[in-house]
Student: 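Questions regarding the structure given below will be posed in turn.
Below, chain A is the first sequence line, B the second, and so on; all start at residue 1.
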2 protein chains.
Amino acid sequence: MSNNQFKKGELYSFITGKASTAIARRLQKKFNAAGLNITIEQWSVLYHLWKQEGISQQELCNATFRDKPSITRLVDNLEKLNLVKRVASESDRRINLIYLTKQAQKLQEETMQLAEETLNEALELVPVERVDICKEVLQVVYDNLK
Amino acid sequence: MSNNQFKKGELYSFITGKASTAIARRLQKKFNAAGLNITIEQWSVLYHLWKQEGISQQELCNATFRDKPSITRLVDNLEKLNLVKRVASESDRRINLIYLTKQAQKLQEETMQLAEETLNEALELVPVERVDICKEVLQVVYDNLK
DNA sequence: TTTGAATAGTTGCACAAACAACTATATGTC
DNA sequence: GACATATAGTTGTTTGTGCAACTATTCAAA
């Protein structure tokens, strides 16, 4: 049993993701304090659209690691907030291509700044090489299970 | 800026906790496949009660990193499933002490086994010393932000 | 060309989380 | 003892998640 390194007292945090929960809460508070009326989950969709817009909901599912109903509803809410638009694909009428509005484009810089600030607070006093190892381990975990 | 190690392409997973999401989903599937009719969130409450029962809802809030309404409803649902009982404290009538039923006691061994199995799958091929560093980093993150 | 399978997206349901507002009880101070 | 304050827990509302079932469209094989 090569990886039986979890004594009972230790496995809880790994499974429940207390660290990422803490990060997300902190970032949400920063959004609220800045008067930005979006949730972390909505932001996570915008995050991928800022990298490339005009992608399908299915591609957003893959990018955000969410199922189709979750994306349907996140896009619904982003549309209500006037941050994205669904545009039916010309070539395949099953597909919605998702585009950003001008309002959403304006959010990018400020929210990314708050995200970096949050991570800097989270990782204060942690040496870079240890952060790198942590990121790599989490990536392997994701690849092992996805 | 000692910890500005997050380029844009990297911060997403840290904030959204893709790894812990993947772990929780895998464990939930194992619970379902074993015919165990509980959610990961309910299990996380039982987890702390197995360590010590007869604690208050407020203590469960602290232990699970959840707010009071969340615990109220988790305990509601655990009570409906006949897994816990609320018992009014003798000394302070504001407090509910939460006790496990016999049914819940029976769940401990099997679910803990499935949790360890899940973590072993998650961490396959990851050297123990890297897992240790990862856990320590996540603990610091939690302590920095909680 | 028809039919059956695959794919994209939506809807309904149960469960959970975050926040605000609320009730009930306890405590500390005058 | 009375009153202000703090603490424990509950309820309502909005948002998000996971699953199953559904519609619409596309594609591939007979």
Student: Quick one, which residues of residues 17-39 of chain A touch DNA chain C with a heavy atom under 4.0 Å?
Tutor: A:Arg25, A:Lys29
Student: Does a nitrogen or oxygen in the side chain of A:Arg66 sit under 4.0 Å from OP1 or OP2 of D:dT17?
Tutor: yes
Student: Looking for any heavy atom pair under 4.0 Å, which part of the strands does B:Leu74 touch: base, sugar-phosphate only, or nothing?
Tutor: sugar-phosphate
Student: Please state how far atom CD in A:Gln42 lies from atom C1' in D:dT15, giving the value in whole angstrom units.
Tutor: 8 Å
Student: If you assign each of A:Gln58 and B:Ile71 to its closest nucleotide in DNA chain C, which residue comes earlier from the 5' end?
Tutor: A:Gln58
Student: Could you identify which residues of residues 75-94 of chain B place a heavy atom less than 4.0 Å from some atom of DNA chain D, listed by residue number, or say none?
Tutor: B:Arg86, B:Arg94
Student: Would you call A:Arg86-A:Asp76 a salt bridge at under 4.0 Å N-O?
Tutor: yes
Student: Could you give the CD1-to-P distance, from A:Ile95 to C:dA6, as a whole number of Å?
Tutor: 18 Å
Student: To the nearest 0.5 Å, tell me how far B:Ser20 OG sits from A:Lys18 NZ.
Tutor: 12.5 Å
Student: Under a 4.0 Å threshold between the charged nitrogen and the carboxylate oxygen, would B:Asp67 count as salt-bridged to B:Arg73?
Tutor: no
Student: Look up atom OH in B:Tyr47 and atom CG in B:Leu60, then write down how far apart they are to the nearest 0.5 Å.
Tutor: 13.5 Å
Student: Could you state the CG-P distance from A:Asn96 to C:dT7, rounded to the nearest angstrom?
Tutor: 18 Å
Student: Using heavy atoms to find the nearest nucleotide of DNA chain D for A:Arg73 and B:Arg73 separately, return the residue whose nucleotide is more 5′.
Tutor: B:Arg73
Student: May I ask you to test the A:Leu114-A:Phe31 pair for a side-chain heavy-atom distance under 4.5 Å?
Tutor: yes
Student: Is the closest basic N to carboxylate O distance between B:Lys85 and B:Glu79 below 4.0 Å?
Tutor: no
Student: With nearest nucleotides of DNA chain D determined for B:Ser56 and A:Lys68 from heavy-atom distances, which residue corresponds to the more 5′ nucleotide?
Tutor: B:Ser56
Student: Distance check: side-chain N/O of B:Gln57 vs OP1/OP2 of D:dT7, anything under 4.0 Å?
Tutor: no
Student: Separation of B:Asp67 atom CG from D:dA8 atom P, in whole Å?
Tutor: 14 Å
Student: Would you mind telling me which of B:Lys30, B:Gln28, B:Lys29 makes a side chain to side chain donor-acceptor pair (under 3.5 Å) with B:Asn32?
Tutor: B:Gln28
Student: Could you state the CG-P distance from A:Leu60 to D:dT17, rounded to the nearest angstrom?
Tutor: 13 Å
Student: Mark yes or no: B:Arg25 above the aromatic ring of A:Phe65, with NZ or CZ under 6.0 Å from the six-membered ring centre and no more than 45 degrees from the axis.
Tutor: yes
Student: Check whether any side-chain heavy atom of B:Tyr142 sits under 4.5 Å from a side-chain heavy atom of A:Ile23, and report yes or no.
Tutor: no
Student: How many whole angstroms separate atom CD of A:Glu41 from atom P of C:dA16?
Tutor: 17 Å
Student: Rounding to a whole Å, what distance do you find between B:Asn62:CG and D:dT7:P?
Tutor: 12 Å
